[in-house]
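Residue numbers begin at 1 in each chain, while the letters A, B, ... track the order of the sequences. Only a predicted model underlies this, so the values are computations on that prediction, with no experimental measurement involved. Below, all heavy atoms of this structure are taken into account, side chains as well, without hydrogens, waters or symmetry copies.
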Amino acid sequence: MNNLNQKSIELQINNILKQNGLPEQEFFIWNSLPFSGVSGTSTSFFQYAATIARRYKNGEITLPSLPLNAQDISNLIVENLDLPPLYSNVEAAKGYLNFYYSQSQHYQQVVDNVLNQGEKFGWGEAKGERILVEFSQPNTHKAFHVGHLRNVVIGDAICNILEAAGYDVVRANYINDTGLHVIKWLWNYQKRHMGERPGEDKTRWMGDLYAEANHKMEESPEAEAEVRALFTRWDQRDEEVMALWRESRQWSLEGFDQIYELLGVRFDHIFYDHELEKPGQKLVEDLIQKGIAIDERPEGPVIIRLDDLLGLNKETYRVLVILRSDGTSLYATKDLPLAISKFEKFNPDRSVYVIDVRQSLYLQQIYKTLAVMGHSDWAERCYHLSYEIVNLPGNVTIASREGTVVLLEDLVREAENRALDVVKEKNPELSAEIMQNVAHMVALGAIKYPMLARDNNKIVTFDWKSALDFNGQAAPYIQYAHVRANSILRRLEGPLPESFAPQYSMEPSEVQLIDLISRLPGEIQRAAQEYKPLHLTNLAYELARAFNDFYMQCPVLKAEPEVSSARLRLVAAARQAIANVLHILGIAAPEVM
RNA sequence: GCCCCCAUAGCUCAGUGGAUAGAGCGUUGCCCUCCGGAGGCAAAAACCCGCGUUCGAGUCGCGGUGGGGGUACCA
């Protein structure tokens, strides 16, 4: 919408330049005006002026009259420009051309657009491109802690963002239900817990037994041999081991379902480790046959010397181990068939891996191996969406082996208790059921927001105090703005006023709010392009702040009829924009709180 | 050794090569006869160092310093 107006201005500017014997500007960069309380669009003339000056100096052009600086050229434009109706004013200041919107036109354009599009306001046109996003990747037989949470929260938000931006998204999970960690768990269960079953909180119990397994292994020297032996029985599909594996695996899967439901996350397809183990081992044989992999068994493992294969002298991709010397499988054994399977099943234009930064080299090795195998087209479509880990205060790494974990269940329970206390205090007349509901929405928002509101490559430090602090720059603040907007609209009797162009002079806080609402579609595209939910947490917070400011300064229901009608529509648009951006971030927008 | 990431206010973080570097927490002082105070207003307070590229650098490049991570049979 604004692009059309900008294009028409660009045309005019170039016409004026041409008429004055000046070269045309090839491209324009438009930005929002950086002044608060006004809205408009602005383009810099420094770039252009500098180019002109350089070409003049080089004798490429002759200038019609001298001296001619950025300010002179800007003035020339301002004097000769025929402003489109959306704008009320244009000025040349400090090398910029600033176009101010006509408040009433801009208001109407933005607000009507939001209210017409409703829940789809901000959504982009379908791009006809499919993106598969793999995220979460939990290990069965292990705990689920706040470190894992960041992956799920980022992955889910990225899927929503890509969808909103216009992509066709496949949400994929990859559950690691085999491997050494599982065998350790089975070993411990057989030795110490045979016949026991998990309670209500299945994942915690599985994690406790896993941590215990690690401790016991450190204590007893014969344990490692026993675990090895068990792994071999597993590999030979020993029926007793398999039966126990199937049962215990199911406990973990049910626990994960509880967690995903709690978080409001869904998947379109789940890949399982065990389905890929045998194909992986077969693929390894294949790679040995083709001379890509080197079989060092039994003394060593099966490896791929990537740098040698690629003819690189400097160590870059190093060596990838794809099978243990005893023939049992590694991550890489299964990640290769997994990568292939994704393309065969879904043929995505992009295959995204949401995995923490520590696996960067490993993933580059996997992608390169795909290329070496002759699938360079697939390799090029793979993308590692890397993010930094969640640490505990003092830069302590969360480790499920050590048991230095903050479990998701504990975090959610604490946050819900805290939120419930606040709801009871703030809004005692709500029913118990609604209170519980609100507490849940607030708690989860508060937990998710900090995981999204810092850049992907920044370490998040988890501490209880700030996790349970609902004040300030946090999800509850944004949710509260939504509730306030909602409570105004609830008092409205009858339908929302019809669209119109208000003639009163708007307050700066109104103009600011309109401006921020209008940015949502662009920020969704940017967040999708850069894989950064951060852009949307920023906008969500700014929207909430602008709304609270507006709420403070501008009476809605008690204002003059024209003003009141205009503000009611603006409140409805703000509520919609806040709800939409929260929804994309995977955070609920409560009606009351 | 080689590779990657980080460094902005006391703390936690924003900051499309562009106009006066913004928030939250904490500190200090204010604002409910007013649509919900989980709110608002105000004050003090910052770009690790050096050299470059550029009309213009917190942002880009190179070199330091400090911290974190990765680097053949963990995941």
Side-chain angles (χ1 to χ4, degrees), chain A residues 29 31-35 42 44 46-47 49-51 53-54 69-70 93-96 98 137 139 142 176 179-181 296-297 300-305 314-326 328 330-333 335 355-362 364 386 388-389 391 395 397 400-401 419 422-423 425-427 442 450 453-455 457-461 463 465-466 469-474 476-477 479-481 483-492 522 526 530 534-535 537-538 541-542 545 548-549 551-559 564 567-568 571 592-593:
Chain A
I29 295 169
N31 282 307
S32 296
L33 284 176
F35 319 120
S42 149
S44 166
F46 287 122
Q47 182 94 43
T51 309
R54 199 174 308 117
N69 57 29
K94 299 181 180 175
Y96 287 86
N98 294 332
Q137 308 107 335
N139 293 322
K142 278 197 188 182
N176 303 302
L180 192 55
H181 68 282
E296 296 183 340
R297 286 175 295 178
V302 180
I303 61 171
I304 299 178
R305 296 188 179 279
K314 198 172 172 187
E315 54 177 300
T316 308
Y317 297 103
R318 299 165 186 261
V319 172
L320 178 64
V321 178
I322 55 173
L323 197 69
R324 284 199 187 87
S325 48
D326 64 5
T328 57
L330 291 158
Y331 244 39
T333 320
D335 257 322
I355 299 181
D356 80 58
V357 65
R358 293 173 298 186
Q359 295 189 45
S360 295
L361 173 62
Y362 170 70
Q364 294 316 309
S386 124
E388 263 291 357
I389 57 171
N391 276 348
N395 241 347
T397 309
S400 42
R401 272 183 307 170
V422 182
V423 185
E425 180 199 328
K426 303 285 179 185
N427 219 339
V442 169
R454 32 192 63 52
D455 218 337
N457 59 358
K458 294 280 175 67
I459 294 170
V460 168
T461 300
D463 74 280
K465 187 170 173 291
S466 56
D469 185 0
F470 300 158
N471 295 314
Q473 192 163 0
Y477 175 89
Q479 292 171 318
Y480 182 61
V483 166
R484 279 180 143 181
N486 194 54
S487 80
I488 292 177
L489 295 168
R490 208 175 30 226
R491 287 169 171 267
L492 172 68
R526 190 154 77 104
E530 301 174 15
L534 168 69
H535 293 313
T537 56
N538 281 348
Y541 177 71
E542 281 177 39
R545 195 147 56 95
N548 278 329
D549 189 31
Y551 181 91
M552 206 64 184
Q553 298 188 27
C554 300
V556 176
L557 298 170
K558 290 173 183 160
S564 176
R567 285 180 179 166
L568 273 167
V571 169
V592 292
M593 65 188 270

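Checking B:A38, B:C13, B:C73 against every side-chain atom of A:V321, the shortest atom distance belongs to B:C73. Checking B:G36, B:A23, B:C13 against every side-chain atom of A:R545, the shortest atom distance belongs to B:A23.
Note on A:K558: only backbone sugar-phosphate atoms sit closer than 4.0 angstrom, heavy atoms only; bases stay farther off. Among the heavy atoms of the strands, none lies under 4.0 Å from A:S360. Using a 4.0 Å heavy-atom distance criterion, A:D463 is classed as making no nucleic acid contact. As judged by a 4.0 angstrom heavy-atom cut-off over every strand, A:Q553 is placed among residues making no nucleic acid contact.
Donor-acceptor pairing under 3.5 Å, judged by distance alone, is present between the side chain of A:N427 and the base of B:G36. Remark: the A:R318 side chain and the B:C3 base include no donor-acceptor N/O pair separated by less than 3.5 Å. Between the side chain of A:S44 and the base of B:A19 there is no donor-acceptor pair of N/O atoms closer than 3.5 Å. Remark: the A:Q359 side chain and the B:G70 base include no donor-acceptor N/O pair separated by less than 3.5 Å. Counting distance only, with no hydrogens placed and no angle test, the side-chain atoms of A:S325 and the base atoms of B:C73 include a donor-acceptor pair under 3.5 Å.
Regarding A:L33, its CG atom lies at a distance of 14 Å from the P atom of B:U20, rounded to whole Å. B:A7 atom P lies 11 Å from atom CD1 of A:I459, rounded to whole Å. Here B:C73 presents its P atom at 13 Å from CG of A:L361, a figure rounded to the nearest Å. Whole-Å rounding puts the A:Y541 OH to B:A38 C1' distance at 13 Å. Atom P of nucleotide B:C4 and atom CG of A:N457 are separated by 14 Å, given to the nearest angstrom. At whole-Å resolution of the value, CG in A:D549 and P in B:G37 are 14 Å apart. Rounded to whole angstrom, the span from the CD atom of A:E425 across to the C1' atom of B:G39 amounts to 14 Å. Rounded to whole Å, the distance from CG on A:N31 to C1' on B:U59 is 14 Å.
Comparing the same atom, P, in B:A21 and in B:A46 gives a spacing of 12 Å after rounding to whole Å. Going from the P atom of B:A38 to that of B:G26 covers 16 Å, rounded to whole Å. The same atom, C1', is picked in B:C51 and in B:U65; the two are 15 Å apart, to the nearest Å. B:U16 and B:G58 have their C1' atoms separated by 14 Å, given to the nearest Å. Rounded to whole Å, the P atom of B:G17 lies 16 Å from the corresponding atom of B:A7. A distance of about 27 Å separates the C1' atoms of B:C11 and B:C4, rounded to the whole Å. B:C13 and B:A9 have their P atoms separated by 11 Å, with the value rounded to a whole Å.
Listed pair A:Y480 / B:A38 meets the phosphate criterion, a side-chain N or O lying under 4.0 Å from OP1 or OP2. In this structure, A:R324 reaches the B:A75 phosphate: one of its side-chain N or O atoms is under 4.0 Å from OP1 or OP2.
In this structure the side chain of A:L323 never reaches within 4.5 angstrom of the side chain of A:T328, judged on heavy atoms. The side-chain heavy atoms of A:V321 and A:P301, taken from C-beta on, include a pair separated by under 4.5 Å. The closest side-chain heavy-atom distance from A:I355 to A:Q137 is below 4.5 Å.
Ion pairing of A:D356 with A:R358 is present here, as a side-chain N (NZ or NE/NH1/NH2) and a carboxylate O approach within less than 4.0 Å.
B:C32: glycosidic angle within 90° of 0, hence syn.
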Practice problem: Would you check, one step at a time, whether the test salt bridge (Lys or Arg N to Asp or Glu O under 4.0 Å) holds for A:E315 with A:R318? | Solution: CA-CA 6 Å; A:E315 54 177 300; A:R318 299 165 186 261; 2.7 Å; yes
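One N or O on the side chain of A:S564 and one on the backbone of A:V556 form a donor-acceptor pair closer than 3.5 Å. A donor-acceptor pair is defined here as one N or O able to donate and one able to accept, closer than 3.5 Å; no such pair exists between the side chain of A:D455 and the backbone of A:K458.
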